Amino acid sequence: MSLRSRALFRSTTFRLTARYSLIFISSALILFVLAYSLLSDAVREGDRAAMAQKIREYASIGQKKGNAALLEFIRIERENYDYDDYYLRITAADGTSLIDLTPADQEPLPASLPVPPPEQTIQWSILPEGGAPAVVEVATRTLSGGGAITMGKDASDRERLLRQFRVIFAGIMVPVALVGLAAGFVLARRMLKPIQGLIDTVRAIDTGRLEARVPDLGADDELNELARLFNAMLDKIRTLINGMREALDNVGHDLRTPATRTLAAVEMAAATKNDPEELREALLDCAEETRRMVSMLGILMDISEAETGAMRLRLGTADMAALVAETVEVYQYAAEEKGVGLSYTAQGPLLVTADADRIRQVLANLLDNAVKYTPSGGRVEVVAGRTDGAIAVSVIDSGEGISPDDIPRIFDRLYRADKSRSRRGLGLGLSLVRAVLYAHGGAIDVQSTPGAGSRFQFTLPVAVGAQADKAA
C-alpha cells in the first residue's frame with residue numbers, strides 16, 4: 001500500500017465518510033428487513049388463517065359426530081365448494097389413511113409427515129417436494145379420538161414473490177450503497193470545511209502571511225464558532241506583535257539618544273588635553289544619560305511586576321488628601337515657571353490602604369503630564385473626594401487634549417501620542433500609573449476633548465477602618 005493510500009485511509013474525511021455511509025446503509029438494511037418481515041408475515045398469515053379455520057371446523061365435526069360424518073362432510077363440501085386448491089389428509093388412530101386429497105397437477109404429500117403435538121394445537125411446516133419446484137405449507141393437528149388431520153396449500157407463488165422481493169432489494173442496495181458513500185463524502189467535506197480552512201490559514205501564517213484568516217461560513221455551529229474564536233485570537237496576536245514591534249522601535253529610539261550622548265561625552269573627554277573641568281563635565285553627562293537609561297529599565301520592570309502581581313507594596317493607611325497636597329506642592333514651582341495655574345481641592349481625611357510612595361508616584365506622573373501638555377495661561381486642578389465607597393482623585397487640565405484614536409492606547413508601554421517626540425519623555429508614565437493602581441485594586445479612566453483638555457480620574461478602595469467609622 002502506497003503512502004498516499006495510507007494517508008487517505010487515515011484521514012478524517014475518509015473515516016467520517018465511512019461512518020456516515022455505514023449508518024446510511026445499515027439504516028436501509030434494517031428498513032428492508034422490517035419491511036420484508038412485515039410483508040412475509042402478512043402474506044403467510046392470510047393463507048394460514050384460512051387453513052387454521054378449516055382445520056378447527058373439521059376437528060370439531062370429527063369430535064362431535066365421528067370420522068365417518070367428517071368424511072361425508074368433506075365429500076359434500078368438495079362437490080359443492082371450490083376447495084380443490086388445498087391438500088387434505090386424515091389418518092386414523094392406527095395410522096391408516098382415511099382420506100388423502102391432492103390438488104390437480106400437483107404431487108401428493110409425502111407419506112411421512114411431521115408428527116403433530118398431542119395437545120391438539122396446529123403445527124406449521126414447509127415441505128419441499130423432493131427437490132421439485134413446488135413448495136407446500138402444511139398444518140397438522142391431532143384429533144380428539146386419535147389420528148391426525150393435515151391440510152396444506154401450494155406456497156410456490158408466495159415464496160416466489162418473496163424471493164423476487166429479496167432479489168429486487170439486493171439490486172437496490174448497490175445504488176443505495178453508492179448514494180450512501182456519496183452522501184457521506186459530501187457531509188464529511190461539509191463538516192470538515194471549517195477545519196480545512198483552519199489548516200489552510202495556519203499554513204499561510206507559517207509562510208509569513210500574518211493577515212490570513214479562516215473564512216467565516218456564516219453557520220451557527222461549534223466549528224464555525226471555533227473559526228471565529230481562532231480569527232479573534234489571530235487578531236489579538238497580530239495586535240500584540242505590532243505592539244511589540246512598535247515598543248521595540250520606541251525603546252531603540254529612546255535608548256539610542258542617551259547612548260549617543262554618552263558616546264559623544266566619552267569621545268569629547270578623550271579629545272581633551274587632561275583638563276579636569278572638562279573631564280568632570282563629561283563624566284557628569286555620562287552619569288546623567290546612564291541614569292536616564294537605568295530609569296527607563298527600572299520603570300519597565302516596575303510595570304511588569306505590577307501587572308504580574310509581583311510588585312512589593314508596603315501597604316498601610318494613607319491619607320489621600322495629604323498625598324495630593326504634598327504632590328501639588330512639589331509641582332507648584334514648575335507650574336508657575338510655565339505660567340500654568342495649579343490648585344487642588346481635597347477635604348480630608350481620605351483614608352486608603354495603599355503604598356504611599358507608589359501613590360505619590362501615580363500623582364506625580366499625572367501632574368507632570370498635565371503641566372507638560374497645558375500651555376501658558378492654562379489651569380490644572382486636582383480634586384479628591386469620596387464616591388460610592390471609594391476615594392476618587394481627578395486631575396483636570398485645560399491643555400491640548402488627546403485624540404480619540406490615541407485614548408485606547410495611551411496606557412500601553414512606550415506609546416506616545418506625540419509621534420514627533422518633540423517633548424522629552426519615555427512613554428512609560430501612564431503605563432506605570434495604571435499598573436500601580438491595578439496592583440492596589442484600583443482603576444483609572446480618562447476623558448478628553450482635543451483642544452479643550454483632559455480629565456484623568458482614578459479610584460482606590462476606602463480603608464477598612466474608615467468604612468467602619470463612616471457606618472457608625
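All figures in this text were calculated on a predicted structure; none of them were measured in a lab.
- The distance from the OG1 atom of Thr140 to the CD1 atom of Ile122 is 9.5 Å, given to the nearest 0.5 Å.
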Intermediate values then yes/no, side-chain contact (heavy atoms from CB on, under 4.5 Å), Tyr373 and Ile402: CA-CA 10 Å; Tyr373 291 102; Ile402 306 171; over 6 Å; no
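- Checking side-chain atoms of Asp319 against main-chain N and O of Leu350 turns up a donor-acceptor pair under 3.5 Å.
- One finds the CG atom of Leu366 at 11.0 Å from the CD atom of Gln361 (value rounded to the nearest 0.5 Å).
- Taking the side chain as every heavy atom from C-beta outward, Ser394 and Val382 never approach each other to under 4.5 Å.
- The minimum heavy-atom distance linking Ile205 with Ala212 is given by the pair CD1-O, 4.3 Å.
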Would Arg360 and Thr327 count as a side-chain hydrogen bond (donor to acceptor under 3.5 Å, both in side chains) if you check the C-alpha gap in whole Å, the side-chain angles of each, and the deciding distance to 0.1 Å? CA-CA 7 Å; Arg360 287 191 186 96; Thr327 310; 5.9 Å; no
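- You'll find the side chain of Ser448 reaches within 4.5 Å of the side chain of Ile407, heavy atoms only.
- In this model, no donor atom of one side chain and acceptor atom of the other lie less than 3.5 Å apart for Arg209 and Thr201.
- Of the possible polar contacts, none joining the Lys153 side chain to the Val138 backbone as a donor-acceptor pair under 3.5 Å is found.
- Atom OH of Tyr331 sits in a crowded spot, with more than 12 heavy atoms from other residues, nucleotides or ligands closer than 6.0 Å.
- Between Leu460 atom CG and Ile391 atom CD1 the span is 8.5 Å, to the nearest 0.5 Å.
- At least one donor-acceptor pair closer than 3.5 Å links the side chain of Ser21 to the backbone N or O of Gly180.
- In this structure a side-chain-to-backbone donor-acceptor pair under 3.5 Å is present from Lys338 to Thr374.
- In this structure, Asp357 and Arg314 have side chains that are in contact, with non-hydrogen atoms separated by less than 4.5 Å.
- Ring centers of Phe32 and Phe165: under 6.0 Å apart, within the cut-off.
- Val362 has its side chain within reach of Phe458: a pair of non-hydrogen atoms, C-beta onward, lies under 4.5 Å apart.
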Give the C-alpha distance, both sets of side-chain angles, the deciding distance and a yes or no for salt bridge (charged side-chain N to carboxylate O under 4.0 Å, His left out) between Glu400 and Lys372. CA-CA 10 Å; Glu400 59 191 52; Lys372 183 191 301 184; over 6 Å; no
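- Residues Val340 and Pro375 come closest through the heavy atom pair CG2-O, 3.6 Å.
- Nearest heavy atom pair, residue Ala28 against residue Met173, reads CB-SD, 4.4 Å.
- A side-chain donor-acceptor contact under 3.5 Å links Thr207 to the backbone of Ala204.
- Rounding to the nearest 0.5 angstrom, the gap separating the CD1 atom in Ile396 from the OH atom in Tyr344 is 15.5 Å.
- Nearest heavy atom pair, residue Ala392 against residue Thr387, reads CB-CG2, 3.3 Å.
- You'll find the side chain of Ile359 stays beyond 4.5 Å of the side chain of Asp355, heavy atoms only.
- The distance from atom CZ of Arg158 to atom OG of Ser40, rounded to the nearest 0.5 Å, is 9.0 Å.
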Glu45 vs Arg48, test: salt bridge (charged side-chain N to carboxylate O under 4.0 Å, His left out). Steps then yes/no. CA-CA 5 Å; Glu45 188 62 29; Arg48 289 182 176 183; 5.5 Å; no
Can you list the steps and then say if Val462 with Val352 is a side-chain contact (heavy atoms from CB on, under 4.5 Å)? CA-CA 5 Å; Val462 178; Val352 295; 5.8 Å; no
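- Side-chain contact between Met320 and Pro349 is absent, with no heavy atoms from C-beta onward closer than 4.5 Å.
- Across every non-hydrogen atom of Ala370 and Val395, the tightest pair is CB-CG1, 4.0 Å.
- Looking at Arg44 and Glu137, no side-chain N of the basic residue comes within less than 4.0 Å of a carboxylate O on the acidic one, giving no salt bridge.
- Within a 6.0 Å radius of CD in Glu326, more than 12 heavy atoms belonging to other residues, nucleotides or ligands are found.
- The closest side-chain heavy-atom distance from Ile410 to Val446 is below 4.5 Å.
- For the pair Arg455 and Gln447, the minimum side-chain heavy-atom distance is below 4.5 Å.
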side-chain contact (heavy atoms from CB on, under 4.5 Å), that's the test. Do Val393 and Phe456 meet it? Break it down for me. CA-CA 8 Å; Val393 179; Phe456 286 83; over 6 Å; no
How far apart are the C-alpha atoms of His440 and Val436, what are their side-chain angles, what is the distance that settles it, and do they pass the side-chain contact (heavy atoms from CB on, under 4.5 Å) test? CA-CA 6 Å; His440 282 80; Val436 170; 3.8 Å; yes
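- The nearest pair of heavy atoms linking Val324 to Ala384 is CG2-CB, 4.2 Å.
- Residue Arg56 qualifies as open at atom CZ: its count of foreign heavy atoms under 6.0 Å is 12 or below.
- Expressed to the nearest 0.5 Å, how far CG of Leu181 lies from CD1 of Ile25 amounts to 5.5 Å.
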